[in-house]
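In what follows, a structure is listed as structure tokens, so that the remarks can point back to it.
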Amino acid sequence: MSLFAAPVTLSGEHVKLVPLAPAHHDDLVQAVQDGELWNHWYTAIPRPEAMATEIQRRLDLQAKGSMCAFAVIDPTTQQAVGMTTYMNIDAANRRVEIGSTWYRQSVQRSPLNTEAKRLLLAHAFEQLDCIAVEFRTHFFNQQSRRAIERLGAKLDGVLRSHQINPHPLAVGALRDTCVYSIIASEWPNVKTHLDYQLRRHRA
């Protein structure tokens with residue numbers, strides 16, 4: 001089967017995105033323990049003992065064509081510090097969502113995330129010829145919402161009572177999902193903005 005978003009390596013100065021593989025397991029277990037990320041009730045981040053299952057889940061979805069999964073590599077250590085994906089891939093309409101993303105606490109709010117999104121967006125718009133790229137996050141995930149808005153994505157709307165939250169700290173809670181997007185005509189301005197942010201960091 002020919003995949004719309006086939007596995008690929010995307011490299012920058014601050015980050016490298018490589019096809020996710022079982023070999024990344026030990027690095028990712030160490031990464032998720034930095035900040036005990038699985039305790040965030042408003043997002044779904046695997047516990048250390050569930051990492052192998054989560055890697056396989058993403059690879060199974062990739063084999064079906066609905067996801068393209070990456071390990072996020074810190075070039076300074078050559079270790080995996082998180083995961084990200086193209087997900088909910090709609091090849092017929094040339095749309096992808098960038099999501100299921102998490103990074104170890106020590107690299108959050110760093111140029112690594114900005115450049116990772118820059119690489120994913122450039123590949124989506126310039127190689128895959130996407131019409132639009134979506135981002136979705138929990139209404140209460142303020143850190144994620146601010147990060148998405150800093151990219152230049154616009155809020156399309158809020159899907160209220162969109163999903164049942166399975167997190168053990170949120171029993172009985174429903175998720176309101178904020179849906180953001182960047183459309184193809186906005187990409188040149190967004191790219192200029194992200195390049196400026198990265199240049200400012202170097203300066």
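The first residue of the sequence shown is numbered 1, and numbering continues consecutively from there. This structure is a prediction, so every number in the text was calculated from the model and none was measured.
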- prompt: Would you say T9 and K16 make side-chain contact, with heavy atoms under 4.5 Å?
  reply: yes
query: Okay, side chain of Q78, backbone of P75: is any donor-acceptor separation there less than 3.5 Å?
result: yes
Report yes or no: does D27 contribute a side-chain atom to a donor-acceptor pair with the main-chain N or O of A80 at less than 3.5 Å? yes
Interatomic distance, OH@Y103 vs CG@D74, rounded to 0.5 Å, equals 12.0 Å
Residues S144 and T137: closest non-hydrogen pair is OG-OG1, 3.0 Å
Is R104 salt-bridged to D34, going by a charged N under 4.0 Å from an acidic O? yes
Using modelled atom types and a 3.5 Å cut-off, is there a donor and acceptor pairing between side-chain atoms of E115 and backbone atoms of H14?
yes
dist I131:CD1 -> F125:CZ (nearest 0.5 Å) comes out at 10.0 Å
Rounded to the nearest 0.5 Å, the CZ atom of R150 sits from the CG atom of L194 at a distance of 11.5 Å
Taking side chain as C-beta onward, heavy atoms only, is L28 less than 4.5 Å from I55? yes
Item to check | Shared hydrophobic cluster, M67 / L20 (ILVMFWY, side-chain heavy atoms < 4.5 Å) | outcome: no
**Report entry** H123 and Y86 aromatic ring geometry - parallel, tilted or perpendicular at 30°/60° bounds
**Finding:** parallel
TODO: Assess R136 against Y180: is NZ or CZ under 6.0 Å from the centre of the six-membered ring, and within 45 degrees of the ring's axis?
DONE: no
Taking every heavy atom of V96 against every heavy atom of A124, the minimum-distance pair comes out as CG2-CB, 4.3 Å
With hydrophobic residues grouped by side-chain heavy-atom distances under 4.5 Å, do L121 and V18 end up in a single group?
no
task: Go through R95 and C130 one step at a time and tell me if the side chain to side chain contact (heavy atoms under 4.5 Å, CB included) criterion holds.
output: CA-CA 6 Å; R95 297 178 69 96; C130 283; over 6 Å; no
So does I164 have more than 12 non-hydrogen atoms from other groups sitting under 6.0 Å from CD1?
no
Between L174 and S161 the two heavy atoms that sit nearest each other are CD1-OG, 3.5 Å
* State whether the side chain of S181 and the backbone N or O of I183 hold a donor-acceptor pair below 3.5 Å, judged by distance alone. => no
Do F140 and V179 sit in the same hydrophobic cluster, where Ile, Leu, Val, Met, Phe, Trp and Tyr count as joined when their side-chain heavy atoms come under 4.5 Å apart?
no
Decide, yes or no, whether a salt bridge links K154 with E186 under the criterion of side-chain N to carboxylate O below 4.0 Å.
-> yes
Only one of T85, T84, L120 passes side chain to side chain contact (heavy atoms under 4.5 Å, CB included) with T101, and that residue is T84
### Message
For a 4.5 angstrom cut-off between non-hydrogen side-chain atoms, does F139 reach R175?
### Response
no
Could you please spell out the steps behind the side chain to side chain contact (heavy atoms under 4.5 Å, CB included) verdict for T114 and L198? CA-CA 7 Å; T114 302; L198 291 168; 4.0 Å; yes
- Message: Could you check whether any side-chain N or O of R118 sits under 3.5 Å from a backbone N or O of G12, counting only pairs where one atom can act as donor and the other as acceptor?
- Response: no
| request: Tell me whether I45 is reachable from V29 by hopping between hydrophobic residues (I, L, V, M, F, W, Y) whose side-chain heavy atoms are closer than 4.5 Å. | output: yes
- Query: Below 4.0 angstrom, N of the basic side chain to O of the carboxylate: do E149 and R146 qualify?
  - Reply: no
**Q.** Pairwise side-chain contact, C68 with L3, heavy-atom cut-off 4.5 Å (strictly under)
**A.** no
Minimal heavy-atom distance between L151 and V190, with the atoms involved, is O-CG1, 3.3 Å
Taking every heavy atom of Q62 against every heavy atom of P7, the minimum-distance pair comes out as NE2-CG, 3.5 Å
What one should report as the nearest heavy-atom pair of H138 and R145 is O-CD, 3.9 Å
Self-check item: H25 vs Q56 side-chain heavy atoms within contact, under 4.5 Å
Solution: no
Next on the checklist: Q105 vs E36, test: side-chain hydrogen bond (donor to acceptor under 3.5 Å, both in side chains). Steps then yes/no.
Outcome noted: CA-CA 9 Å; Q105 186 170 282; E36 298 186 351; over 6 Å; no
Separation between CG (N141) and CD1 (I148), nearest 0.5 Å, reads 8.0 Å
Rounding to 0.5 Å, atoms CG (D60) and NZ (K64) come to a distance of 6.5 Å
Report task. Apply the test side chain to side chain contact (heavy atoms under 4.5 Å, CB included) to residues M83 and W102: give CA-CA distance (whole Å), side-chain angles for both, the deciding distance (0.1 Å), then the verdict. Result -> CA-CA 6 Å; M83 293 194 281; W102 61 267; 3.4 Å; yes
Worksheet item: Hey, are the side chains of Q79 and I73 touching, using non-hydrogen atoms and a 4.5 Å cut-off?
Response: no
_Minimum side-chain heavy-atom gap V158-T177 below 4.5 Å_ = no
Taking the side chain as everything from C-beta on, heavy atoms only, tell me whether E134 gets closer than 4.5 Å to N88. no
Are any side-chain N or O atoms of Q33 and backbone N or O atoms of P48, one a donor and one an acceptor, separated by less than 3.5 Å? no
*Does one hydrophobic cluster hold both L155 and W187, with members joined at side-chain heavy-atom distances below 4.5 Å?*
yes
dist F4:CZ -> D129:CG (nearest 0.5 Å) comes out at 7.5 Å
Notebook entry, point to check: Step by step, would you call M51 with Q30 a side chain to side chain contact (heavy atoms under 4.5 Å, CB included)?
Noted result: CA-CA 10 Å; M51 190 62 68; Q30 184 180 25; over 6 Å; no
*Okay, side chain of E49, backbone of P46: is any donor-acceptor separation there less than 3.5 Å?*
no
